[in-house]
Amino acid sequence: MISGFLFKVIREQIPRTQDELAEDLGIDKSTVQGWESGRRPLSSTKAGNLVVLRRKLILLGAPTGLVGLINLAMDADFVLGEILRSRPTKAEVLEHPLAGWVLTRDTTHMIGWAVSGILPGAVATELGVPAARRGPVSTTPILGLDMRSRFFDNLQHAADLVEGGDEESALLRRQVWYLSSYDRTRDVAEWFGGMQRRGRIPSAGSGWSPRWAEARSVAAAMARQGDPELLRDFIARSITDNDDFETANLNYWAHWLGLDSRPQTSDDFMAEQEHPAWDASALLRQFAIRLDRAGEYTDLYVHSIWALMLSRRGLADADPRTARGLATRVRALLDGDGLSQQSRRELESVHYGLRVGGYSNSRSNSEGQR
């Protein structure tokens with residue numbers, strides 16, 4: 001249903017009616033209707049025909065960025081369908097789609113579109129609308145209330161089966177917990193709190209392990225639910241000034257933002273120290289364009305920018321345009337409220353480095369007041 005709704009958005013951006021698009025594509029109107037309603041999944045289309053379809057949509061004037069998201073939407077449909085299909089037994093739980101597939105941000109947000117109605121950032125960018133708004137037209141691909149309840153119940157069931165389990169099940173737990181944070185109908189924070197009281201929330205430990213990634217996802221999920229303190233504590237105690245953790249954090253960011261194109265079936269890639277499979281300038285650019293809309297994750301963005309620029313000297317000089325845009329957003333954040341003390345110190349350090357490099361021509365009010 002996600003890919004079908006995205007197809008509808010694409011059609012309306014060309015723009016075409018269902019009749020007109022069917023004629024342009026040389027297919028029946030019922031086929032277009034079936035795709036858009038989800039009755040005829042796009043994923044059931046032969047691969048060659050899907051390639052031709054995407055090319056024709058672009059030739060008709062469809063935004064290339066939206067057409068490029070069709071595959072991600074089909075991935076999200078697969079995960080969504082598998083979660084809704086059944087509640088696994090304990091013997092089956094490690095065959096769960098979230099147990100062997102490390103999701104990216106865009107795929108995760110596509111799933112979130114169906115269970116929360118919040119427009120994914122990648123789609124919002126192409127449409128030129130705020131990501132936080134509800135769908136781009138009168139409806140969204142949001143599941144009905146019963147289906148959403150089943151989705152979150154099945155997620156929690158899978159997590160409960162492996163609660164307190166070994167590292168083999170850490171990937172499943174952390175992805176379940178993060179997706180559960182999209183649920184606004186029940187007290188997810190209480191669920192996490194109950195696990196904390198039972199000692200089931202992992203600590204990061206002294207060196208990288210899947211448990212570290214698990215703890216990071218729990219902290220991020222709590223921040224999404226409106227409680228930033230666990231994430232701030234995780235940044236201070238389980239990332240800052242530990243080279244293994246700093247590297248793992250940046251490696252995960254690169255995968256999450258789609259800058260490391262390798263499919264991942266476990267979180268082990270986070271521990272890679274040498275020759276990262278991503279470009280530092282591209283990562284800084286992604287951080288910079290999102291910093292002023294990072295919302296509940298602002299502290300994590302700030303620390304990650306600080307750590308990236310500290311570990312890659314001369315990074316600003318490699319992309320002056322990004323550096324100037326970053327300087328503008330950094331000044332705006334420093335002039336506002338809501339930053340933790342650590343984030344403010346790190347952001348002031350970033351601002352100072354950019355100003356010394358000639359990318360910031362004015363001082364923030366916070367510096368002037370000091």
Side-chain angles (χ1 to χ4, degrees), residues 94 96 98-105 107-108 159 162-179 181 192 195-196 199-224 228-280 282-284 286-287 297 299-313 315 340 342-343 346:
L94 290 183
H96 195 284
L98 298 179
W101 181 359
V102 186
L103 300 182
T104 63
R105 178 199 63 151
T107 303
T108 302
V162 292
E163 181 182 320
D166 55 23
E167 292 186 356
E168 185 182 15
S169 55
L171 174 61
L172 170 61
R173 285 193 301 272
R174 78 167 187 82
Q175 296 197 117
V176 162
W177 289 343
Y178 187 79
L179 282 174
S181 68
F192 287 142
M195 288 188 290
Q196 283 182 311
R200 300 306 193 187
I201 297 295
S203 61
S206 58
W208 187 88
S209 75
R211 294 287 190 166
W212 178 90
E214 191 179 352
R216 184 186 186 279
S217 288
V218 171
M222 290 296 293
R224 173 180 281 279
E229 293 308 315
L230 185 60
L231 182 58
R232 289 174 173 176
D233 184 71
F234 181 82
I235 293 167
R237 297 175 182 271
S238 302
I239 303 182
T240 305
D241 295 333
N242 182 303
D243 290 343
D244 290 343
F245 294 159
E246 297 282 14
T247 298
N249 181 55
L250 295 177
N251 283 346
Y252 182 60
W253 268 120
H255 175 81
W256 175 250
L257 295 173
L259 302 177
D260 181 350
S261 61
R262 301 171 300 169
Q264 299 293 348
T265 59
S266 78
D267 284 332
D268 292 346
F269 72 96
M270 296 185 198
E272 295 174 356
Q273 293 282 345
E274 302 296 330
H275 310 297
W278 45 270
D279 179 75
L283 183 56
L284 182 63
Q286 291 295 313
F287 284 151
Y297 304 122
D299 294 298
L300 186 56
Y301 269 80
V302 167
H303 178 78
S304 301
I305 290 169
W306 173 81
L308 180 62
M309 295 186 71
L310 193 64
S311 65
R312 304 289 200 282
R313 299 291 184 178
L315 193 55
S340 69
Q342 177 176 344
S343 291
E346 291 171 345

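Side-chain atoms are counted along with the backbone in the values below, which use heavy atoms only and exclude waters and symmetry mates.
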I'd like to know if the side chain of H255 reaches the main chain of V102, judged simply by a donor and an acceptor atom lying under 3.5 Å from each other, with no hydrogens or angles considered. yes
Would one find more than 12 heavy atoms of other residues, nucleotides or ligands at under 6.0 Å from atom CD of Q273? yes
Working to the nearest 0.5 angstrom, can you tell me the gap between L284 CG and S304 OG? 11.0 Å
Got L94 and S169 here, is their nearest side-chain heavy-atom distance under 4.5 Å? yes
D299 to S340 - nearest heavy-atom pair and separation: OD1-OG, 3.2 Å
Would you say D279 has more than 12 foreign heavy atoms packed within less than 6.0 Å of its CG? yes
Any side-chain heavy atom of I305 within less than 4.5 Å of one from E346? no
Can you tell if the side chain of V218 reaches within under 4.5 Å of the side chain of R174, non-hydrogen atoms only? no
I235 vs V302, side-chain contact (heavy atoms from CB on, under 4.5 Å): CA-CA, chis, key distance, verdict: CA-CA 10 Å; I235 293 167; V302 167; over 6 Å; no
Working note: W256 + T108, criterion side-chain contact (heavy atoms from CB on, under 4.5 Å); need CA distance, chi angles, decisive distance, verdict. CA-CA 9 Å; W256 175 250; T108 302; 3.5 Å; yes
Would you mind reporting whether T247 and W208 have side-chain heavy atoms less than 4.5 Å apart? no
Side-chain heavy-atom pair L257, L283 within 4.5 angstrom cut-off: yes
Return yes if some donor-acceptor pair links the side-chain N/O of Q175 with the main-chain N/O of L103 below 3.5 Å, else return no. yes
Side chains of H303 and Q342: does their closest heavy-atom pair fall under 4.5 Å? yes
Mind checking whether W306 and F287 have ring centres under 6.0 Å apart? no
Any side-chain to backbone donor/acceptor pair from S217 onto E214? Under 3.5 Å, distance only. no
Side-chain contact, heavy-atom cut-off 4.5 Å: V162 with V176? no
Of W253, F245, Y252, which meets side chain to side chain contact (heavy atoms under 4.5 Å, CB included) against N249? W253
Any side-chain donor paired with an acceptor under 3.5 Å for S311 and E246? no
Interatomic spacing from OG in S238 to CZ in R211 - rounded to 0.5 Å: 14.0 Å
Nearest-0.5 Å distance, OG of residue S266 to CH2 of residue W101: 15.5 Å
Taking atom CZ as the centre, does R313 end up with more than 12 heavy-atom neighbours from other residues, nucleotides or ligands that are less than 6.0 angstrom away? no
